[in-house]
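Just below is one structure, and these are the notes that go with it.
Throughout, a chain's letter reflects where its sequence line sits, starting with A, and its residues are numbered from 1.
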2 protein chains.
Amino acid sequence: MDNFLKIDMDTYKPLREIVFTTMREAIINGDFKPGQRLMEVQLADQMGVSRTPVREAIRKLELEGLVVMVPRKGAYVAGLSSEDVKEVLEIRAVLEGLAASLAARNATEKDVEELKDIVEKFKSAANEQDVVKLINFDSDFHDVMYRTSKNKKLIQLISSLREQVQRFRVAYFTKIKSTQQLIEEHNQLVDAIAGKDSERARAVAETHIATTEKLITSIEEKK
Amino acid sequence: MDNFLKIDMDTYKPLREIVFTTMREAIINGDFKPGQRLMEVQLADQMGVSRTPVREAIRKLELEGLVVMVPRKGAYVAGLSSEDVKEVLEIRAVLEGLAASLAARNATEKDVEELKDIVEKFKSAANEQDVVKLINFDSDFHDVMYRTSKNKKLIQLISSLREQVQRFRVAYFTKIKSTQQLIEEHNQLVDAIAGKDSERARAVAETHIATTEKLITSIEEKK
DNA sequence: TTTTGTAATATTGTATACTTAATCCACATA
DNA sequence: TATGTGGATTAAGTATACAATATTACAAAA
């Protein structure tokens, strides 16, 4: 603890940050629909700020791929074709694989315990058929794994990718028949990490995402 | 050619885009040094625009990781520790691997020809000891490979990651003793892609980046 | 000489004002 | 009815103005 006197001026957030996260939430939650036009004055009024922070927030959302800009016309919530989702998941698969293999290399016993704990919670949520809990524990599991990987850039990147497809999550989690398979995969992952078997961890993690991808693809095809 | 009448209104670029790319170039080329403070009025004056486009450009650079913001103090060019570079390269390795395996799956004969062509050019640049050409042809090679992967998000992502470590490139390309190894790896990559061997392509590509990573690590250690 | 307090100065954060392009709609014309 | 045309309206792009905070300079006191 070499910084016990460092006060947290970090509590201060510029308006643009608040606007940014607010808008991002809205897009991810689907409050702003894909294709919807985002008008600056309107948004500014709604949030009670001026156009400036709104514009700056939009710039960031643009780079994050959640909105698309048409010059001289404005900003629109990015549409998400199933093609896009597939692209993102293809990427996530290898990044999750990397995260898992790094986690296997770096995990402490405490990390492993934490992972096991979450898997248990996930199981009971599955028994209760509680979809919201299911989503949250799944998130938690992956969060811990990312953290354990110790690669900060990787963590950032994956969370950005997760956001991009989050809009689909509820859809496919409710559709899923066998959460059983997810449990099984989580178990294998923990095993591999606990056993410091980075190659196996990687393989399992990649399959894990691929499972999701197949799921989405099959849902899409039914449409 | 289903769009032969589509005119290119796309030529128009808002100032913020110009400012954004200009500043990004400056950072990547090292004209703006890591840690350097970026002051809005000064930048705006230099480029002959107002603060607004500059601020918006900075927001994007921030999300791209080239700039870090300290609230109420300003923007600074992001420093890049060798730790950071390692993190990025770790990620790039698997993404290049993915790109290579997708390329192997999707490559047409034309793509393969193009790749072979670039490898030849790279070889002659190596003979001439022309570092700049070497860098450019290496870039070209990878660009074609990415394009061939057909995954647009992946292309975006990799190019963003490349930018982040570009500031080190000249350094390690001049240091490199055996461009021979790079040539060899490029050859193997083309072979694998031509032979539609996605697993081998992936393995070679990952090693390829790992080579770079080791190189950087060794340079760093000498300091 | 060093430290502390205070004024001034500079810079970011936010809001507003201005400019110009795009869109809409009424109306005219074929 | 269909198709232009011109002006009004709207919104984005850009610049500027104002407010809040941080930095600096410098003087006064220890």
Side-chain angles (χ1 to χ4, degrees), chain A residues 3 5-24 26-27 32-33 35-79, chain B residues 5-24 26-27 32-79:
Chain A
N3 53 358
L5 269 185
K6 198 165 63 188
I7 57 171
D8 54 339
M9 279 306 284
D10 315 325
T11 343
Y12 169 81
K13 287 264 164 85
L15 274 185
R16 60 166 179 274
E17 287 302 320
I18 300 171
V19 173
F20 173 61
T21 38
T22 306
M23 288 183 64
R24 181 167 61 181
I27 293 174
F32 291 163
K33 308 287 180 219
Q36 179 179 337
R37 184 165 181 192
L38 298 173
M39 280 180 301
E40 298 169 2
V41 272
Q42 184 192 325
L43 292 167
D45 286 350
Q46 281 177 17
M47 304 196 237
V49 301
S50 79
R51 278 175 63 206
T52 311
V54 174
R55 285 179 66 82
E56 297 189 358
I58 289 177
R59 292 303 152 259
K60 296 227 248 178
L61 293 168
E62 183 194 357
L63 205 72
E64 221 177 34
L66 291 174
V67 312
V68 293
M69 291 296 306
V70 182
R72 285 249 151 244
K73 294 190 69 178
Y76 299 80
V77 177
Chain B
L5 270 185
K6 197 166 63 186
I7 57 170
D8 54 339
M9 280 306 285
D10 315 325
T11 345
Y12 170 80
K13 286 263 163 86
L15 272 187
R16 59 166 180 275
E17 287 301 320
I18 299 171
V19 173
F20 174 60
T21 38
T22 306
M23 289 183 63
R24 182 166 60 180
I27 294 174
F32 291 163
K33 309 286 180 218
Q36 179 179 336
R37 185 166 179 190
L38 298 173
M39 280 179 302
E40 297 168 3
V41 273
Q42 185 191 323
L43 291 167
D45 286 351
Q46 281 178 19
M47 304 195 234
V49 301
S50 79
R51 278 176 63 207
T52 311
V54 173
R55 285 180 66 83
E56 296 187 0
I58 289 177
R59 292 303 150 260
K60 298 227 257 180
L61 292 169
E62 184 193 354
L63 204 71
E64 220 178 32
L66 291 174
V67 160
V68 293
M69 290 297 305
V70 183
R72 287 243 152 248
K73 295 190 70 179
Y76 299 80
V77 176

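Looking at residues 54-62 of chain A, you'll see A:Arg55, A:Arg59 sit with a heavy atom under 4.0 Å from some atom of DNA chain D.
Distances shorter than 4.0 Å separate none of the side-chain N or O atoms of A:Ser50 from OP1 or OP2 on C:dT14. For the pair A:Lys73 and C:dT23, the criterion of a side-chain N or O lying under 4.0 Å from OP1 or OP2 is met. Using a 4.0 Å cut-off, some side-chain N or O of A:Arg16 falls inside it from OP1 or OP2 of C:dG13.
Rounded to an integer number of Å, the gap from B:Leu38 CG to C:dT12 C1' is 13 Å. As a whole-Å value, the separation of B:Arg37 CZ from D:dA22 C1' is 8 Å. Rounding to whole angstrom units, CZ of residue A:Arg51 and P of C:dG13 are separated by 19 Å. Regarding B:Glu40, its CD atom lies at a distance of 16 Å from the P atom of D:dA17, rounded to whole Å. In this structure, CE of B:Met39 is placed 9 Å from C1' of C:dA10, rounded to the nearest angstrom. Going from atom OH of A:Tyr12 over to atom P of D:dA19 covers 16 Å, rounded to whole Å. Taking atom CD of residue A:Gln42 and atom P of nucleotide D:dT9, one finds them 20 Å apart after rounding to whole Å. Rounding to whole angstrom units, CE of residue A:Met69 and C1' of C:dA22 are separated by 14 Å.
The OG1 atom of B:Thr22 sits 11.0 Å away from the CD atom of B:Gln46 when rounded to the nearest 0.5 Å. The line from CD1 of B:Ile18 to NZ of B:Lys13 is 8.0 Å long, rounded to the nearest 0.5 Å. Rounding to the nearest 0.5 Å places CE of B:Met23 at 10.5 Å from OG1 of B:Thr21. To the nearest 0.5 angstrom, A:Arg51 atom CZ is 11.0 Å from A:Asp45 atom CG.
Using a distance-only test at 3.5 Å, with no hydrogens or angles considered, a donor-acceptor pair links the side chain of B:Arg37 to the main chain of B:Lys73.
Closest to the side chain of A:Arg72, from the set C:dT14, C:dA21, C:dT11, is C:dA21.
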Checklist entry - A:Glu56 and B:Arg16: salt bridge (charged side-chain N to carboxylate O under 4.0 Å, His left out), yes or no, with the steps? => result CA-CA 11 Å; A:Glu56 297 189 358; B:Arg16 59 166 180 275; over 6 Å; no
Checklist entry - When you look at B:Glu62 and B:Arg55, which way does the salt bridge (charged side-chain N to carboxylate O under 4.0 Å, His left out) test go after all the steps? => result CA-CA 10 Å; B:Glu62 184 193 354; B:Arg55 285 180 66 83; over 6 Å; no
